[in-house]
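The structure appears below as structure tokens.
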Amino acid sequence: MEKALREILQDAVKRMIETGVGPIEIEVPKDEGFGDLSTPVAMGLAKMLKKAPRKIAEEIVSHIDRGDTFERIDIAGPGFINFTFTRSFICRELGELLTESETFLTENVGNGKKVQIEFVSANPTGPLHLGHGRGAAVGAALANLLQETGYRIEKEFYINDAGKQVKMLGLSVFAKYQALCGREYPFPEDGYRGYYIDDLAAEFKATFGNRFVDTAFNEVAADFIDFSYTKMLDLIKKDLEDFGAIFDTWQSERELYAAGEVEQTLDDLRTKGYIFEHDGATWFRTSDLGDDKDRVLIKKDGDYTYFTPDIAYHRKKLEKGFDELIDIWGADHHGYIPRMQAAVQALGHPRESLRVVLVQIVSLLKGGQPVQMSKRAGEFITLREVMDEIGPDTTKFLFLTRRSDSHLDVDIEVAKAQSSENPVFYVQYAHARINSIFDKARESGFDRHTLASFDGTLFNDEEMRIVKKLLYYPMMLRGAALAREPHRITFYLQELAGLFHPYYHRHRVITEDIELTKARLALCEAIMVALKHGSKILGVSSPEKM
RNA sequence: GCGCCUGUAGCUCAGUGGAUUAGAGCAUCAGCCUCCGGAGCUGAGGGCCGGAGGUUCGAAUCCUCUCAGGCGCACCA
């Protein structure tokens with residue numbers, strides 16, 4: 001519906017301004033009385049054409065053939081053009097929705113653009129916590145959303161298997177291992193203290209016995225590090241899989257070093273003149289590229305900073321030929337964006353090719369009281385706990401019912417208590433309910449595949465309202481994709497379910513009247529398709545029974 | 001001190017320039033099971049959109065200032 005209007009408007013405007021204009025804004029009016037769709041385009045053009053908005057609106061309207069598409073076209077307020085579609089046009093669209101099914105709901109906005117989404121990328125030093133879960137939910141949903149709207153997507157997890165963090169993990173396990181073997185060994189101050197460290201130490205001992213007792217950590221560091229982080233990574237992979245976050249590629253930081261990528265990146269930047277030496281360290285002149293200050297790449301002691309392999313990593317991504325990189329980061333890393341974009345630019349790509357989606361920290365409450373979460377101290381609620389407690393669907397929906405950059409308080413008590421009152425069930429229930437209507441309908445001999453021939457004149461106002469809501473789906477999806485905001489789908493689904501449930505209570509779908517039944521079943525079918533499609537993008541199931 | 005994010009109903013949040021009465025869920029209160037699934041439905045109460053200025057025909061939305069919370073500001077990761 002919106003797509004058709006967009007094309008009509010483009011044509012009309014082109015007759016006035018040969019060059020045409022950029023994307024034309026089309027919106028659903030707040031008040032139904034203002035029509036089905038409306039555009040403020042005339043107001044936007046007012047400055048450029050130096051004419052009154054209403055005059056421009058009139059001119060645009062004069063170039064539009066009402067045909068059997070529009071019931072009426074009005075100019076209202078300061079210059080809005082309001083469009084009301086004819087019933088026959090709307091029903092024709094519904095018919096297309098039914099025959100084309102999911103294809104009707106999506107639109108190709110990506111044009112095959114290659115986009116890589118990197119998300120979660122948790123250090124393999126412990127189980128995933130709730131914050132990671134939010135990143136996983138958002139990343140997976142965004143990937144699905146873009147996939148559905150014509151982008152080519154790769155989902156990647158970056159494994160920090162080379163830095164200090166995994167070393168600390170190894171040392172923590174080493175210390176516990178020594179203790180298990182009856183040796184005195186100081187536990188590192190910054191060590192990881194979670195219960196899983198004890199488990200790892202015990203597992204290590206069970207595997208290797210006392211073989212590593214009485215050795216210095218430095219001599220056996222690799223054994224402990226590799227053993228521990230691979231176990232943790234396996235755990236993470238399992239959690240993500242059960243959560244429904246499936247990755248295409250797993251990029252190891254070590255591999256970047258091994259393949260000489262880090263060195264090459266430094267050479268590359270050096271050749272381009274961004275590198276300088278100062279105070280015994282090697283610097284990257286990011287301040288030339290929009291960063292606050294220059295950044296160190298090689299420290300005085302000869303080690304790389306965290307930034308350095310990360311540049312190499314992004315360089316590798318860009319070389320794989322992606323048009324856009326989306327990184328999903330915790331909001332506490334937002335200060336890191338300018339320097340990473342500077343790096344992207346230094347490597348010869350537009351800085352916009354890196355788009356960072358920030359996911360705010362999840363604050364945890366327990367019965368209204370804040371719970372301090374610290375990975376090092378081992379005090380945190382894991383994604384696994386919550387997922388097991390309230391289910392992956394509810395957890396995902398919880399994360400996707402908010403904008404990703406909004407602060408989110410999760411009260412674990414409330415979340416558990418609400419598990420049967422959660423909005424996700426409202427949406428799923430609508431789907432299950434329709435499914436059960438169809439079970440009933442089949443008993444009465446109605447076939448789901450002959451519904452496209454429904455008689456749309458039988459729809460009452462309430463039904464027409466639902467049909468229109470369904471026809472708004474493609475534009476909602478398009479907007480969500482362009483804004484990279486999957487939460488819009490969540491809200492849409494709640495609204496759609498919110499139209500269906502009251503409708504269901506007021507009207508019987510299956511009645512003696514065969515034509516009316518067919519029309520209503522057609523409507524139900526369409527609702528079901530939309531619910532299913534949106535839920536699938538969110539990674540939430542659409543159960544047939546609950 | 002500087003920067004970023006957030007401040008909307010009791011709670012959790014949508015809406016982020018255009019059109020009288022600013023929306024949803026939860027919570028609270030009052031109702032609805034002869035009928036396709038009550039994880040549902042109907043209704044009620046509840047808001048100077050943190051505050052103050054400004055731009056505009058028009059501001060929750062844009063600009064400035066200000067208050068409050070969160071997060072950043074490393075030769076840490």
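So that the names make sense, note that chain A is the first sequence line, chain B the second, and so on, each numbered from 1. Basis for what follows: all heavy atoms, side chains included, without hydrogens, waters or symmetry-related copies.
- Across all strands, His431(A) comes closer than 4.0 Å to no nucleic acid atom at all (heavy-atom distances).
- Separation of the Phe399(A) and His487(A) ring centroids does not fall under the 6.0 Å cut-off.
- For the P atoms, the distance from C48(B) to G3(B) is 31 Å, rounded to whole Å.
- Figure legend: cation-pi geometry between Arg72(A) and Phe83(A) absent, as NZ or CZ is not positioned both under 6.0 Å from the six-membered ring centre and within 45° of its axis.
- Taking the C1' atoms as reference points, G51(B) lies 7 Å from C67(B), given to the whole Å.
- In this entry the distance linking CZ of Arg339(A) with P of A74(B) reads 8 Å, nearest Å.
- The glycosidic torsion of C65(B) lies more than 90° away from 0, placing the base in the anti range.
- Among the atoms of the strands shown, none is found under 4.0 Å from any heavy atom of Asn422(A).
- When both distances must be under 3.5 Å, the Watson-Crick or G-U wobble mate of G46(B) does not exist.
- When the P atom of C75(B) is taken as reference, atom CD of Glu277(A) falls 15 Å away, rounded to whole Å.
- Residue Phe276(A) contributes atom CZ, which lies 11 Å from atom P of C75(B) at whole-angstrom precision.
- If you measure from atom CG of Asn435(A) to atom P of C36(B), you get 16 Å, rounded to the nearest angstrom.
- At least one cation-pi condition fails for Arg193(A) and Phe187(A): the charged atom is not both under 6.0 angstrom from the six-membered ring centre and inside a 45 degree cone around its axis.
- Here G25(B) presents its C1' atom at 18 Å from OH of Tyr492(A), a figure rounded to the nearest Å.
- A salt bridge between Lys317(A) and Glu118(A) is present, with a side-chain N of the basic residue lying under 4.0 Å from a carboxylate O of the acidic one.
- Between Lys293(A) and A74(B), a side-chain N or O to OP1/OP2 separation shorter than 4.0 Å is present.
- Aromatic ring centres of Tyr158(A) and Tyr313(A): separated by under 6.0 Å.
- In the set C75(B), C35(B), A19(B), A19(B) carries the atom at the smallest distance from any side-chain atom of Asn82(A).
- The closest side-chain donor-acceptor pair between Asp36(A) and Tyr472(A), if any, does not fall under 3.5 angstrom.
- Using the Watson-Crick or G-U wobble rule with both distances under 3.5 Å, A14(B) pairs with nothing in any strand shown.
- With contacts defined as side-chain heavy-atom distances shorter than 4.5 Å, the pair Tyr306(A)/Lys164(A) does not qualify.
- Summarising the geometry, the separation between CZ on Phe307(A) and P on A77(B) is reported as 13 Å, rounded to the nearest angstrom.
- Across C36(B), A77(B), A74(B), the shortest atom-to-atom separation from the side chain of Arg508(A) is found for C36(B).
- Nucleotides G46(B) and U28(B) are separated by 10 Å at their C1' atoms, to the nearest Å.
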ring-ring contact (aromatic ring centres under 6.0 Å, His included) between Phe80(A) and Phe34(A), intermediate numbers included:
CA-CA 9 Å; Phe80(A) 287 95; Phe34(A) 294 133; 8.0 Å; no

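- Summary of the strand contacts: Pro40(A) and Tyr306(A) both lie near RNA chain B, and taking for each the nucleotide with the nearest heavy atom, the more 5' one is attributed to Pro40(A).
- Atom name P, nucleotides A27(B) and C41(B): the rounded distance is 13 Å, in whole Å.
- Using a 4.0 Å cut-off between charged nitrogen and carboxylate oxygen, Glu2(A) and Arg6(A) count as a salt-bridge pair.
- When the C1' atom is used for both U6(B) and G15(B), the distance is 15 Å, rounded to whole Å.
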Could you walk me through whether Tyr492(A) and Tyr473(A) satisfy the ring-ring contact (aromatic ring centres under 6.0 Å, His included) test, starting with their C-alpha distance in whole Å, then the side-chain angles of each, then the deciding distance to 0.1 Å, before giving a yes or no?
CA-CA 8 Å; Tyr492(A) 176 92; Tyr473(A) 186 98; 5.2 Å; yes

The contact string for nucleotides 37-44 of chain B, one letter per nucleotide 5' to 3', using protein heavy atoms under 4.0 Å with B, S and - for base, sugar-phosphate only and none, comes out as BSBBSS--

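- His314(A) and Asp327(A) form a side-chain donor-acceptor contact under 3.5 Å, judged by distance and modelled atom types alone.
- The distance between atom CG of Asp303(A) and atom C1' of A74(B), rounded to the nearest whole Å, is 15 Å.
- Nucleotides A22(B) and A9(B), compared at atom P, are 14 Å apart to the nearest Å.
- Residues Arg254(A) and Asp226(A) are paired through a salt bridge, judged by an N-O separation under 4.0 Å between the basic side chain and the carboxylate.
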Could you list all N or O pairs between the protein and nucleotides 13-16 of chain B that sit under 3.5 Å apart?
residue	atom	partner	partner atom	Å
C13(B)	OP1	His407(A)	O	2.5
C13(B)	OP1	Asp409(A)	N	3.3
C13(B)	O5'	Arg402(A)	NE	3.4
A14(B)	OP1	Arg403(A)	N	2.7
A14(B)	OP1	Ser406(A)	OG	3.2
G15(B)	OP1	His487(A)	NE2	3.2
G15(B)	OP2	Arg403(A)	NH1	3.2
U16(B)	O4	Arg403(A)	NH1	3.3

Are any protein N/O atoms closer than 3.5 Å to N/O atoms in nucleotides 1-4 of chain B? If there are, list each pair with its distance.
residue	atom	partner	partner atom	Å
G3(B)	N2	His334(A)	NE2	2.6

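- With C1' as the reference atom, A59(B) and U8(B) are 14 Å apart, rounded to whole Å.
- Nucleotide A68(B) has U6(B) as its partner under the Watson-Crick or G-U criteria, with both atom distances under 3.5 Å.
- C36(B) is unpaired under the criterion used here, namely a Watson-Crick or G-U wobble arrangement in which both key atom distances are under 3.5 Å.
- Using P as the reference atom, G54(B) and C11(B) are 31 Å apart when rounded to the nearest Å.
- Across all strands shown, G31(B) pairs with C41(B); the Watson-Crick or G-U wobble distances both stay below 3.5 Å.
- Nucleic acid contact class of Ala331(A) (heavy atoms, under 4.0 Å, all strands): sugar-phosphate only.
- G23(B) atom P lies 13 Å from atom CD of Glu32(A), rounded to whole Å.
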Derivation and outcome, side chain to side chain donor-acceptor pair (under 3.5 Å), residues Glu462(A) and His507(A)
CA-CA 10 Å; Glu462(A) 193 173 357; His507(A) 306 282; 3.0 Å; yes

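- Under a 4.0 Å N-O distance rule, the pair Asp439(A)/Lys545(A) qualifies as a salt bridge.
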